[in-house]
Each structure stands twice: as structure tokens, then as C-alpha cells.
There are 2 protein chains.
Amino acid sequence: MAQSDTVDRILDAAEELFAERGFSETSLRMITSKAKVNLAAVNYHFGSKNALIHAVFARFLTPFSSTLETAFDELEERCAGKPPTLNQTLWALTESAVRMPQRTEKGISIFMRLLGLAYTQSQGHLRKFLEDEYSEPFSRFMRLLKEATPQLSAVDRYWRIQFMLGATAFTMSSSDALIDILQNKIGVDTTVQEIAARLVPFLAAGMQAEDAMLVPPAGSKVSIA
Amino acid sequence: MAQSDTVDRILDAAEELFAERGFSETSLRMITSKAKVNLAAVNYHFGSKNALIHAVFARFLTPFSSTLETAFDELEERCAGKPPTLNQTLWALTESAVRMPQRTEKGISIFMRLLGLAYTQSQGHLRKFLEDEYSEPFSRFMRLLKEATPQLSAVDRYWRIQFMLGATAFTMSSSDALIDILQNKIGVDTTVQEIAARLVPFLAAGMQAEDAMLVPPAGSKVSIA
DNA sequence: CTGAGTCTCAAACGTATGTTTCAAACAGAC
DNA sequence: GTCTGTTTGAAACATACGTTTGAGACTCAG
């Protein structure tokens with residue numbers, strides 16, 4: 001039982017290539033040649049390409065999941081019965097993501113990009129896998145959000161949560177490209193941590209927007225009911 | 001010159017399948033069998049699969065582009081020199097999208113989903129095509145946003161625009177699924193127009209969030225500089 | 001009617017994919 | 001050293017893909 005590093009090399013290569021190119025656009029041959037392992041090793045160790053995708057997600061999602069649980073535990077303990085505020089809840093999530101032990105310097109970007117892909121490129125099997133394995137911290141986050149925004153109706157809260165998810169998944173999944181564009185345009189360099197620090201207040205403000213703004217301006221042809 | 005409907009049947013089928021499954025996951029054989037045309041017709045009429053993708057986008061993006069130009073013209077005329085407000089600008093965009101003449105009842109969802117895919121699944125050729133063909137209304141929208149938020153630094157505005165794009169593209173591209181989930185959860189039915197009416201105030205509030213909120217709460221390990 | 005141009009069709013081509021096979025190499029236990 | 005179970009290697013397999021081909025049907029001007 002040599003406990004070879006073949007499995008890890010495959011996971012490393014797959015993680016990076018999936019994040020760069022997506023799932024369908026990444027072939028097993030790209031992965032094995034980048035990892036310098038034999039093609040058959042993937043099916044030997046993982047069984048199938050889909051199972052490899054699941055393994056890539058499990059490797060970073062399982063520790064993230066427990067980090068998040070701990071962060072929520074601490075937060076609720078610190079609040080001693082009172083529900084945490086929206087800002088505190090969002091920051092707990094953000095810091096758990098940012099503080100995750102990373103294998104490489106690009107770890108956070110890859111992490112975020114994979115999460116974004118999981119939502120946008122979900123081929124059924126992935127969505128099901130994620131729901132089955134990691135629904136608990138997700139539900140808990142939802143409960144915290146609900147307690148932090150008691151003024152919102154259930155419908156309003158539902159849609160605004162989707163807006164938050166979208167802003168986050170979309171921005172973070174393209175963070176590398178967006179950072180490059182900003183660099184070329186204004187000459188400012190940015191880190192993923194900085195993006196997160198700018199994102200949280202945007203989300204919090206949107207989440208707490210006045211309902212009165214729901215009314216379109218005069219002359220508009222769009223109505224909401 | 002029978003002016004056959006083969007071209008339109010291919011475009012209709014391709015549009016729907018692309019929106020459902022993405023580009024790489026949709027084969028020409030799926031398209032031609034759904035459209036009930038011969039496989040070779042695609043390459044005969046369009047030249048390649050990539051050119052077909054471009055044609056699908058051009059068919060709805062070209063009229064949308066001119067609708068948007070008109071809406072911006074009207075808006076700037078109505079404001080008579082003064083820069084339009086953020087709310088007005090966002091509503092002009094929203095109404096242009098919602099009021100587009102649709103081929104089917106699902107037209108708006110497909111429209112939005114394709115736009116989302118263009119951003120997230122962009123395989124280079126698509127991004128380049130869109131930039132080459134439709135950069136003008138995009139630039140104009142950006143200029144209006146800049147004039148409507150003079151209090152923001154260029155960097156802040158850049159990131160907040162990305163957040164807006166993300167919330168919009170993500171939510172609208174999955175609007176069908178999200179509407180179904182809400183129906184099953186709370187028993188409330190929703191239209192795409194309603195989502196848009198809820199989205200605009202969220203975006204406006206986020207866009208105008210206080211910079212002070214950039215500071216993480218006490219005890220946080222995340223800094224922005 | 002004829003013939004050039006436009007379009008459709010079934011079939012095949014070349015390539016790339018995920019997966020399987022099976023022999024060889026390797027490890028540690030006895 | 002030998003044996004047993006585990007891991008690797010090169011090759012092949014079956015399938016699906018985008019694209020091309022060439023023959024046949026159609027339209028319509030001359």
C-alpha cells in the first residue's frame with residue numbers, strides 16, 4: 001500500500017483545469033497529462049469522470065463546511081441568544097471562505113470559481129451531489145439570514161438572497177479575469193480578499209433596501225402586481 | 001429561392017437548447033433533430049457551430065441593442081441636459097429587456113439565460129463576437145452609470161457594476177428554476193417582470209451603499225488594504 | 001423544356017472523448 | 001524468495017462529435 005501521490009496529483013490538476021475551463025471542456029487526457037499520470041489511473045482511482053468532479057469538490061468543500069460551522073457557532077455564542085446581524089452573518093461566511101487553508105496562492109480564486117461553476121454549469125449530478133452532502137451549512141446560513149432580516153417578507157427575502165448569491169458567484173467565479181481587466185483599465189491591483197470586503201456592504205445594502213423603491217418611476221410600463 | 005424556414009427552425013431549436021443546456025453540452029444532432037432538419041443544413045446555412053451560436057445571439061441582440069439605444073435617447077432627452085439618475089438608468093435597461101418583442105412566452109427567460117451563458121461559458125470566440133458587435137450600447141450604459149454615481153471612486157464603481165451584472169445575469173438566467181422553487185416553497189407565482197421590479201431597487205441600494213460599511217466588524221481578520 | 005442556382009438528404013470521414021482491458025511492475029507479509 | 005494484493009502502463013474499444021461529400025430534388029429565369 002504505497003499510498004501513492006497519484007490521487008493527489010490528479011485532484012490538483014483536475015481542480016485547476018476545471019476552474020480554468022469548466023467541466024465539459026476539460027478532458028481526462030488534459031488532466032492526466034498535466035498531472036503526469038496514466039489515463040487509466042483516473043478511472044482506477046475514481047471510477048468515472050463525474051466521480052472525479054465530486055472528489056474535487058469534496059476535497060475543498062468538506063473542510064470549508066466545518067470551518068463554516070465553527071464560524072457560525074462562534075458567532076451565535078458571541079451574540080448570546082440575540083440573532084446575529086446581517087453584517088455579522090455575511091462576514092462570518094466571507095471570512096470562512098477567505099481564511100480557508102489554501103494549497104496554492106491561487107487557492108481562493110479556484111475555490112470561488114469552482115463554486116460558481118457548480119451553480120452555472122451544474123449537470124444535474126453535481127447539483128444533486130452538493131445538495132445531498134452539504135445542505136446543512138447552507139440551511140443554517142439561510143436561517144441566520146432570516147433572523148437578521150425580520151422586516152422582509154418571505155418572498156422579498158427569497159429573491160434578495162438569490163440576488164446575493166448571483167452577485168457573489170458571478171464575481172468570484174471570474175475574479176481573476178475581472179482583476180486583470182481592472183489592472184489594465186485603471187492600473188489598480190486587487191486581491192480576492194479586497195473584492196470580498198467590497199462585496200459585503202453592497203450585499204448588505206441591497207438586502208436592506210426600502211420596499212418603497214419597488215415602485216417604478218413615473219411613466220414606466222412595468223408593474224409588479 | 002424558396003426562402004425556406006429551415007434557417008429559422010434551426011435558430012429556434014438552437015436557442016432553446018443552448019439556453020437549457022449550454023453550448024458545449026448541446027450537439028448539432030440534438031439541434032437538427034429538434035428542428036426536424038438534416039444535420040448538414042447547419043453547416044450549409046451557418047458554416048460552423050460557432051457561427052450558429054453567433055447567429056443565435058445576433059437574432060435577439062441586434063433588436064435589443066436598438067431598443068436600448070432608443071430608450072437611452074428618450075431618457076436623456078427627458079432629462080434635458082441633467083444626467084439621469086441611477087434608478088432611471090436601471091429602469092430604462094430593465095424595461096428595454098422586458099418589453100422586447102418575444103417569439104414565445106418563455107422568450108424573456110431564454111433571452112436572459114443566453115446573456116448569462118455568454119458571460120459564464122464564454123469560449124473566447126463568443127466574448128470577442130459580442131464585444132466587436134455590441135460594445136456601443138454597453139459603453140453608453142457604463143457612461144450613464146458613471147454620471148449617475150459621481151460619488152463613487154472608479155474602483156468602487158467598477159466592482160459594484162460587476163456585482164450588479166452578477167446578480168442580474170445569475171438570477172435571470174435561472175429565473176425559471178427559481179420561480180418553480182418559490183412556487184413549491186411558499187406557493188407564490190412570479191413573472192420575470194416581477195423579478196426585474198424587485199431586482200432594480202436591490203441593485204440601486206447596493207450601488208449607493210455607504211463606503212463606511214467597507215470596514216469589517218470588530219474582531220475581523222479581513223482587511224481591505 | 002432546359003439549365004443554372006439553391007437547398008435537402010443519407011452517408012461517410014476524421015477526430016476526440018470516456019471507458020475497459022490485461023500484462024507488467026511494485027509493495028509488503030510470511 | 002515467494003506469494004498476494006495493489007497500482008501503473010500502453011493499447012484498444014465503443015461512442016459521440018463537428019464537418020464534408022456527392023448525389024438528388026427543387027425553384028425559377030431564359
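So that the names make sense, note that chain A is the first sequence line, chain B the second, and so on, each numbered from 1.
Among residues two or more places apart in sequence or in another chain, the side chain to side chain donor-acceptor pair (under 3.5 Å) test is passed with B:D180 by none. With sequence neighbours excluded, the residues forming a side chain to side chain donor-acceptor pair (under 3.5 Å) with A:E147 are A:R143, listed by chain and number. Listed by chain and number, the residues in a ring-ring contact (aromatic ring centres under 6.0 Å, His included) with B:F18 are B:F23 (sequence neighbours excluded). Taking the side chain to side chain donor-acceptor pair (under 3.5 Å) definition, one finds that B:T62 meets it with B:Y134, sequence neighbours left out. Remark: A:F72 engages no residue in a ring-ring contact (aromatic ring centres under 6.0 Å, His included) (not counting sequence neighbours). By the side chain to side chain donor-acceptor pair (under 3.5 Å) test, A:D189 is found to be paired with no residue, residues two or more places apart in sequence or in another chain being considered.
In DNA chain D, runs of at least 3 consecutive Watson-Crick or G-U pairs, each pair with both distances below 3.5 Å, span C:1-30 with D:1-30.
The residue A:T26 sits close only to the backbone: its heavy atoms come under 4.0 Å of sugar-phosphate atoms, none of a base.
What separates NZ of A:K49 from C1' of C:dG18 is a distance of 8 Å, to the nearest Å. Residue A:I10 contributes atom CD1, which lies 14 Å from atom C1' of C:dG18 at whole-angstrom precision. Remark: C1' of C:dT20 and CG of A:N43 are 8 Å apart, rounded to the nearest angstrom. The distance from atom CZ of A:R9 to atom C1' of D:dT7 is 13 Å, rounded to the nearest whole Å. Rounded to an integer number of Å, the gap from A:L28 CG to C:dT20 C1' is 13 Å. Between B:E25 atom CD and C:dT17 atom P there is a gap of 15 Å when expressed in whole angstrom units. When the C1' atom of C:dG18 is taken as reference, atom CG of A:L17 falls 16 Å away, rounded to whole Å. Distance B:Y44 OH to C:dG5 P: 12 Å, rounded to the nearest Å.
Contact annotation: A:H45 does not reach the phosphate of D:dT6 (side-chain N/O to OP1 or OP2, under 4.0 Å). Contact annotation: A:T6 reaches the phosphate of D:dT8 (side-chain N/O to OP1 or OP2, under 4.0 Å).
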Readout for nucleotides 11-16 of chain C: B = base within 4.0 Å of protein heavy atom, S = sugar-phosphate only, - = neither; 5' to 3' it is -B----
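A heavy-atom distance below 4.5 Å is not found between the side chains of A:T168 and B:F163.
Residue pairs meeting the ring pair (Phe, Tyr, Trp, His ring centres under 6.0 Å) criterion with at least one member in residues 167-198 of chain A, sequence neighbours excluded, are A:F170-B:Y119.
When only modelled atom types and interatomic distance are considered, A:E25 and B:S24 share a side-chain donor-acceptor pair under 3.5 Å.
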